[in-house]
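Below: the structure, in structure tokens.
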Amino acid sequence: MSASFLRLAPLTRFMPAIIALLAAAMFLTAVPAARAAEPVKISRDDTALDLTRTTDIYVNQGEAFQVSTAAGSDGIRRRIEVRASSPGHQGDWAVFALSNVSEEQLERVIVAPHFRLANSKMFWPDLGSQRIISITPSEGFALDRIPSPDADVFRITLNPGSTITFVAELATPSLPQIYLWQPDAYKDTVNSFTLYRGIVLGIAGLLAVFLTILFVVKGTSMLPAAAALAWAVLAYICVDFGFLDKLITVTSGDQRIWRAAAEVALASSLVIFLFTYLNLNRWHVHLGYATLAWVVGLVLLGGVAIYDPSVASGIARLSFALTGTVGILLIIYLGFSRYDRAILLVPTWALILVWLFGGWLTVTGRLDNDIIQPALGGGLVLIVLLIGFTVMQHAFAGGAYQQGLFSDLERQSLALTGSGDTVWDWDVARDRVVTTPDISTRLGLDSGAMHGPVRNWVPRLHPDDRDRFRATLDVLLEHRRGRLNHEFRIRAEDGHFHWLQIRARPVLGSNGEIIRCVGTIIDVTEQKNSVERLLQDAMHDNLTGLPNRQVFLDRLQSVLTLAPGGDTVRPTVMAIDIDRYKQVNDSLGIAAGDNILIALTRRLRRLLKPQDTLARLAGDQFGLILVSERDPAKVADFADAVSKAIMVPINFANREIILTASIGLSSWVDQQESATGMLADAELAMYRAKRAGGNRVEPFRPAFRAAGADKLQIETDLRRAIERKELFLAYQPIIRLKDGEIAGFEALMRWDHPKRGSIPPSEFIPIAEMSDLIGPLGLFAIDRAASDLMVWQQQTGDLPVFVSVNLSSAQLLNADLYNDVRALLQKTQVNPGQLKLELTESLMMENPEQARLVLGKLKETGLSLALDDFGTGYSSLAYLTQFPFDTIKLDKALVRNATEKRAVLLRSVIAMARALEMTVVAEGVETDEDAAELAKMGCHFGQSYLFGPPAPADAVLRLLKERFPLTKRA
């Protein structure tokens, strides 16, 4: 309505209009108003315009929004009101105006991208969403939406000379970018980007597949890490280029989750690749822990992406930047250390840093164009391509090239990590000691307790080592040269002392003074304890703690050197043997026998004075050097006291055990007497007391030596018999119980003396063990058994049989046994698996550590090991796990036991052995019924006279030819 018309009309005619204007004014006071938008002029030649800066954003304006339109051709500004499409709209609006200054109608499209990397921010980034719900023009109807998966697109038509204001209902208060495109130009642009994206996507997919195949073919650790990075880049590009929408249905909210998850995967895979490619775990174990914590944190961040994608994406972008920074620092450090892998990674990491810089410029808005986002996607693919070329050099370089990848620094790091040593670093200038890894935790102290001045170590050192520790460091500082190689004891938190060894060298400054001392510190407590145990075992009996036979003879010889000087020293030697000890040991078990010997040792020690010596000479034989008494009557009284002390009852397992002793005495009477001769005289007297019934004290008389001459003669004849090969082996069959077939033989020693006839092993074996003949005798048995086995196989072919040979304690404690057995195996060329060595548990009790070491070496040669006489003692169960036995032989006392508990006991023992995958041999099987019953219980083999007596080698050969005819050679 014009102003001239208002002046001519009467006032009464305009009362309704006035009232309407007042109502409108009241309405304007209730509804928020927006200022008028300035129009953007559009000509026919404008193909694309950025409307972002000319678009006004209004936040929280409510469901009804009023705005002043841009001035039209008539110069009048009008007000329009737009209501939200849904009641729950948060009231966010965008307003812009367009003016067609051309003389023709223009068709355009308004485009608002869902996601733009540019200006998306580093922290809490905008990961995209639907931007515009609808657009309402000041003239005409609401604009039509054109379907598009990655942008909000609306079509508009502008008449010539028209100016239209557009009000957009926003889905979010953020509108990063809004464009005005000529439709055909927009379509061409989209198509051109589609082609580019397809090419980049195809290259990324091929790289991911290629690196995966390369990993399957070669299998080195860096290839799966590179393949994981390639797949992460492919996933990121799929989301960023909108390819994910082609595969699955993705809403705008889901797209934010997928984008955040892709960025988290990209960040974590880059960390894994850097760690794996540079082998950071070789440099320091803490690098592995730090990387693991980093990766685990990023994996957990993937779960955060479901609930808050912006937080997850921001942390992932920060992690990516930190990885690039840490990576370049590591590459520079390792490159100067001549680490080839770090040098080869320089071009790739330089490109990563350039990409990170471009990404930072983009997300902060310093680079803001439509090309930068797809360019960064292509840059990721180029990075993966360079990584692929780098890892291929390692994959196909060969062993020699890979061996050259270890620099001097890495070799040193690998050596320290592999040895488990701790680095000891003393900064002399600042007087600060640092250990890596921290040795405080090994001592049970708080972390870092041993770090600091070196004087902090002194209070924890053993009192005997403190002065030596100070003096060693002072000498090093004073001379300013040399090496530090020092062992000392340090107290742990639990009160125990640990032996530590420091090996270090000083580092001199420009003035010639020591500024640092760097080396390693290791815990050698176990080695020290082992040496002490070996020394203790070499000089003492490990059961009773008494001196052994050699120490006893050394002490006796020392006493005898003092005896000729006067009457003050006149020693008496007692040889004490426990009567019926073997019967007690067999009936109650070895554990009971051990306890009895310990109890007797304590009783005898109470009778001694400090100058006297008690030793354990053999299993149940003790030796005593009596120096405190010289009068023959008092010596006899002392011997009676020893006998009575042994006769005191011993309680064991609710049983009262009474033992007696046979005691032989030998007093010093001859200035030419030797320790060995004096002990031999006492032992002769002891044997005479034993033959007289035991439980008596027998002084030595020269007539006893005639009886000892027999043993000496047997020893002489035995030595000649070994040289003349008068000894031979007899073989007793070992039968497989399930089918009665021969499975093996036990080799038994036989001696056919030319004058005395057959001498049983029970007579000459103890003599051989007491002399130096047991070694050659045992090697003879193993050699002959292996030779006979080879002859049998040459005559009959390969036989499924084995041969068992008994070992003595002297052989087991001989350090050369392993080498001798290996030499015999090489000479005879026998299969080691067909030879079995049998040992009794009493042999191993003499020196368990030495026995375990020797048996372990013998087992490595392929020989089988059998525990003989199993079931006669309680300690056998422990030996089954401590020693490498594969066979147990049940003692005949257990097999022949006719009590009702026999079946239960045998079944338990056999079941236990089978569970341990051990073979069971039963000795002393008396009847076929017993053999069948043992077979039902699961016993593998049987051995006794029921299956055949011991036979010579030629008889065994004939037997084998009959029992195994199919193995005979043509």
Side-chain angles (χ1 to χ4, degrees), residues 117 120-128 204-205 207-209 211-212 215-216 219-240 244 247-248 250 253-330 345 348-349 352 355-356 359 363 376-377 380-381 383-384 387-388 391:
L117 185 64
S120 62
K121 296 183 295 185
M122 184 72 179
F123 300 101
W124 288 278
D126 185 352
L127 299 180
L207 283 174
V209 174
L211 291 175
T212 304
F215 158 60
V216 174
T220 56
S221 60
M222 70 180 73
L223 292 176
L229 180 60
W231 285 107
V233 169
L234 179 61
Y236 177 83
I237 292 176
C238 286
V239 176
D240 192 55
L244 188 64
L247 300 177
I248 59 176
V250 180
D254 294 339
Q255 193 174 34
R256 298 175 69 247
I257 297 175
W258 283 103
R259 190 178 300 279
E263 293 186 5
V264 170
L266 194 62
S268 58
S269 60
L270 184 63
V271 175
I272 295 173
F273 171 76
L274 180 66
F275 174 81
T276 306
Y277 181 82
L278 294 180
N279 282 332
L280 296 182
N281 59 321
R282 292 183 176 180
W283 301 99
H284 202 289
V285 66
H286 289 171
L287 290 177
Y289 295 148
T291 304
L292 179 61
W294 195 339
V295 174
V296 170
L298 290 175
V299 171
L300 297 177
L301 191 64
V304 176
I306 300 176
Y307 301 98
D308 196 334
S310 295
V311 172
S313 177
I315 298 177
R317 293 181 180 184
L318 178 63
S319 172
F320 204 96
L322 288 177
T323 305
T325 305
V326 172
I328 192 61
L329 295 177
L330 288 173
L345 198 61
T348 302
W349 216 260
I352 290 177
W355 189 92
L356 284 174
V363 298
L376 289 175
L380 282 177
V381 177
I383 290 172
V384 175
I387 289 176
V391 298

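Worth knowing before you read on, the calculation uses all heavy atoms, side chains too, and leaves out hydrogens, waters and symmetry mates.
The shortest distance between side-chain heavy atoms of Leu345 and Thr348 falls below 4.5 Å. Inter-residue side-chain proximity for Trp231 and Thr212 is flagged as met; some heavy-atom pair is nearer than 4.5 Å. When side chains are defined from C-beta on, Arg317 counts as touching Ser120, because their heavy atoms get closer than 4.5 Å. Taking 4.5 Å as the limit, some side-chain heavy atom of Val384 sits within range of a side-chain heavy atom of Leu211.
Legend: side-chain hydrogen bond (donor to acceptor under 3.5 Å, both in side chains) pairs involving residues 302-311, not counting sequence neighbours, sorted by first then second residue: Arg256-Ser310.
Looking at every heavy atom in both residues, Ile257 comes nearest to Pro309 through CG1-CG, 3.9 Å. Contact detail for Val304 and Ala312: the closest heavy-atom pair is C-CB, 4.3 Å. Scanning both residues, Gly205 and Leu234, for their nearest heavy atoms gives N-CD1, 3.7 Å. Taking both residues in full, the closest heavy atoms of Ala316 and Leu301 are given as N-CD2, 3.9 Å, listed atom of the first, atom of the second, then distance. The minimum heavy-atom distance linking Ala260 with Leu127 is given by the pair CB-CD1, 3.9 Å. The shortest heavy-atom contact between Ala204 and Ile237 is CB-CD1, 4.1 Å.
Under the side chain to side chain donor-acceptor pair (under 3.5 Å) criterion, Thr291 pairs with no residue at all, not counting sequence neighbours. When the side chain to side chain contact (heavy atoms under 4.5 Å, CB included) test is applied to Ala235, no partner is found at least two apart in sequence or on another chain. For the side chain to side chain contact (heavy atoms under 4.5 Å, CB included) test, residues two or more places apart in sequence or in another chain that qualify with Leu376 are Leu117, Trp355, Thr362, Ile372. Listed by chain and number, the residues in a side chain to side chain contact (heavy atoms under 4.5 Å, CB included) with Thr323 are Leu270, Val271, Leu274, Trp294, Ser319, Trp349 (sequence neighbours excluded). Residues satisfying the side chain to side chain contact (heavy atoms under 4.5 Å, CB included) criterion with Ala232, sequence neighbours excluded, are Ala265, Leu266, Ser269.
Once rounded to the nearest 0.5 Å, the distance linking CZ of Phe320 with OG1 of Thr325 reads 11.0 Å. If you take CG on Leu229 and CD1 on Ile387, they are separated by 4.5 Å, rounding to the nearest 0.5 Å.
With hydrogens and angles disregarded, a donor-acceptor distance shorter than 3.5 Å links the side chain of Ser268 to the backbone of Val264.
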